[in-house]
Amino acid sequence: MSFKTWQRIVIKVGSALFAPNQNGCSSQYLLSIANFIVRCRLSGIQVVLVSSGSVGAGAHLFEESGEDNIVIKKAMAAAGQSEMMATWDRLFDFPTAQLLLTHGDLRNRDRYESIRNTIDTLLVNNILPIINENDAVTTDKLKVGDNDNLSAMVATAAKADSLIICSDIDGLFDANPHLNDQAKLLSDVYQINDDIYAMAGGATSSVGTGGMKTKIQAAEKAIAHGIDTFIVNGFKEQSFNSLLKDENPGTHFYPHKDPMHDGVHWMRHTTRAQGELIVSEDYEITANQLNDILDIDDLVSVKGNFSSGDTVLLRKHSGEKLAKVKTNYSSCLLNFIACSDNSSFSEELDKTDEPILSNQFIALMES
Ligand SMILES: Nc1ncnc2c1ncn2[C@@H]1O[C@H](COP(=O)(O)OP(=O)(O)O)[C@@H](O)[C@H]1O
Ligand SMILES: N[C@@H](CCC(=O)OP(=O)(O)O)C(=O)O
């Protein structure tokens, strides 16, 4: 996959490019990114933008620092977000649309489909979607937490061909170049394993979140969905000229040749388990199981509070993790079922159309 064959791409812009000094937005680095977006669109490529920087953009409006004060930080995000949209809008002569998402939106399949349809409709109508996390309303339980992982989730939801992460550094080095001047750039990564993660450190600037670690997580999510992924230096205009010439200006993560099925990918890389179902030791599950995945007799106990439609972890009492699965029943009802010796209740349940666990959304644990 290359520039010539891309049909839909997601571009992620880091905070350092948007609000380099935490003192409002600066168009200093945005002009070359905007120019790249325009040139992609002129070549018929649909573009989705994931932009960080609302906190950095809003910071100058507050006397107190947001570093240790989450309430102030959320207010900075809310104020900076308007400035962000106004700044991007000034750089384009076509319409843009703002989407503010939380992990709570992305891990609910109905809302995920709704996000997918909205992005699709905007793109078909030549409107540029500009996406950020909805920092003002998120809680620890609800947030993605960094825009690298968010951009990968958006790229899979948008069914993009390519994800381009624009950062403040040339790409992935074998060590953090800010801490090790012997560090070497890795141009091509064919497989993401523990060695790659070991190279990636956190952010060293005051504006970035997650550093290289979250970019590797994002790349891992994206390539598993068949999405070509790049980390490039957004400070350098040359990076974008290279991409337009089909050259790799940073680190290129190659997509899996045999990408995961969309539903399995969503279960594995987007959802988070909200609770656990403990099953009997002799319970077995296989990838192609088409019938009811879980029989009431196999359910030993239920942990956590979850609602119908949430993702749960299926595991044995001994601790062996079996799969992430979408449950059709709440923890309350499942607790009742697990504790009940009422066989007539079991018979009633057997008669319902809805199996306990959805057999469409299931991701087996990797061994
Ligand atoms: N192995 C590595 N290679 C390159 N950068 C690294 C590495 N490990 C940690 N980093 C840090 O990651 C930073 C980029 O991430 P981050 O600060 O979150 O930026 P962004 O705002 O673009 O997301 C680099 O400036 C660098 O300090
Ligand atoms: N949502 C936050 C950005 C969080 C984030 O991941 O920042 P970055 O590491 O600069 O991409 C904001 O708009 O300030």
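Hydrogens, waters and symmetry mates are skipped; everything else that's a heavy atom, side chains included, is used. First listed ligand is number 1; within each ligand, the first listed atom is number 1.
Only the backbone of A175 comes within 4.0 Å of ligand 1, judged by heavy-atom distances. Under 4.0 Å from ligand 1, heavy atoms of M212 appear from its side chain as well as its backbone. Counting heavy atoms under 4.0 Å from ligand 1, residue D146 does not touch it at all. If you look at K12 next to ligand 1, the close heavy atoms, those under 4.0 Å, all belong to the side chain. Under 4.0 Å from ligand 1, not a single heavy atom of K213 appears.
Using a 4.0 Å cut-off between charged nitrogen and carboxylate oxygen, E281 and K316 do not count as a salt-bridge pair. A salt bridge does not link D105 to K143: none of the charged nitrogens lies less than 4.0 Å from a carboxylate oxygen.
Closest protein heavy atom to atom 23 (O) of ligand 1: K215 NZ, 2.6 Å. The shortest contact between atom 3 (N) of ligand 1 and any protein heavy atom is with F173 N, 3.1 Å. Summary of contacts: the protein heavy atom closest to atom 8 (N) of ligand 1 is G201 N, 2.9 Å. When only non-hydrogen protein atoms are considered, atom 18 (O) of ligand 1 lies nearest to G211 N, 3.0 Å. Distance from atom 11 (C) of ligand 1 to its nearest protein heavy atom, with residue and atom name: G202 O, 3.3 Å. The shortest contact between atom 27 (O) of ligand 1 and any protein heavy atom is with T204 OG1, 2.5 Å.
Ligand-side atoms of ligand 1 in range of P177: 3 (N), 4 (C), 5 (N), range being under 4.0 angstrom from any heavy atom. Atom numbering of ligand 1 starts at 1 in the shown order; those under 4.0 Å from a heavy atom of G171 are 3 (N), 4 (C). Close approach of ligand 1 to T209 (heavy-atom distance below 4.0 Å) involves ligand atoms 18 (O).
Residues V325 and F361 fail the side-chain proximity criterion, which asks for heavy atoms closer than 4.5 Å. At least one side-chain heavy atom of L30 sits under 4.5 Å from a side-chain heavy atom of F18. L313 places a side-chain heavy atom less than 4.5 Å from the side chain of M365.
Between G234 and ligand 1 there is no heavy-atom distance shorter than 4.0 Å. Heavy atoms of A183 stay at 4.0 angstrom or farther from ligand 1. For the pair S15 and ligand 1, a heavy-atom separation below 4.0 Å is found.
Here S239 pairs with V232, N233, K236, P249 under the side chain to side chain contact (heavy atoms under 4.5 Å, CB included) rule; sequence neighbours left out. In this view, F62 satisfies the ring-ring contact (aromatic ring centres under 6.0 Å, His included) rule with no residue, not counting sequence neighbours.
Proximity annotation for atom 9 (C) of ligand 1: of N176, L186, N233, N176 comes nearest, heavy atoms only. Taking only non-hydrogen atoms, the option from D168, N180, T214, L179 nearest to atom 24 (C) of ligand 1 is D168. When the heavy atoms of G14, S167, A19, G250 are ranked by distance to atom 19 (O) of ligand 1, first place goes to S167.
Between A203 and ligand 1, no pair of N/O atoms sits closer than 3.5 Å. Inclusion of L172 in the set of residues having an N or O under 3.5 Å from an N or O of ligand 1 is not warranted. Of the polar atoms of M199, at least one N or O is found under 3.5 Å from an N or O of ligand 1, judged by distance alone.
In terms of modelled atom types and a separation under 3.5 Å, the side chain of T229 and the main chain of I227 share a donor-acceptor contact. At least one donor-acceptor pair closer than 3.5 Å links the side chain of N69 to the backbone N or O of I72.
Note on ring orientation: taking the six-membered ring where Trp is involved, the planes of W88 and F92 are parallel (angle under 30°, cut-offs 30° and 60°).
Within 4.0 Å of ligand 2, counting heavy atoms only, the contacting residues are K12, G14, S15, S52, G53, S54, V55, N132, D135, D146, N147, G208, T209.
Relative to the six-membered ring of F94, R41 meets both conditions, a distance below 6.0 Å and an angle of at most 45° to the axis.
Shown are Q217, E220, E133; of these, the side chain to side chain donor-acceptor pair (under 3.5 Å) with N149 is made only by Q217. Of the options D135, N132, T214, a side chain to side chain donor-acceptor pair (under 3.5 Å) to N147 is made by N132 and by none of the others. Tested against L122 for a side-chain contact (heavy atoms from CB on, under 4.5 Å), the candidates L99, L128, I130 yield a single pass: L99.
Residues A157 and R116 come closest through the heavy atom pair O-NE, 2.8 Å.
S280 and D298 share a side-chain donor-acceptor pair at under 3.5 Å.
Residue V264 belongs to a hydrophobic cluster whose other members are M260, with links defined by side-chain heavy atoms closer than 4.5 Å.
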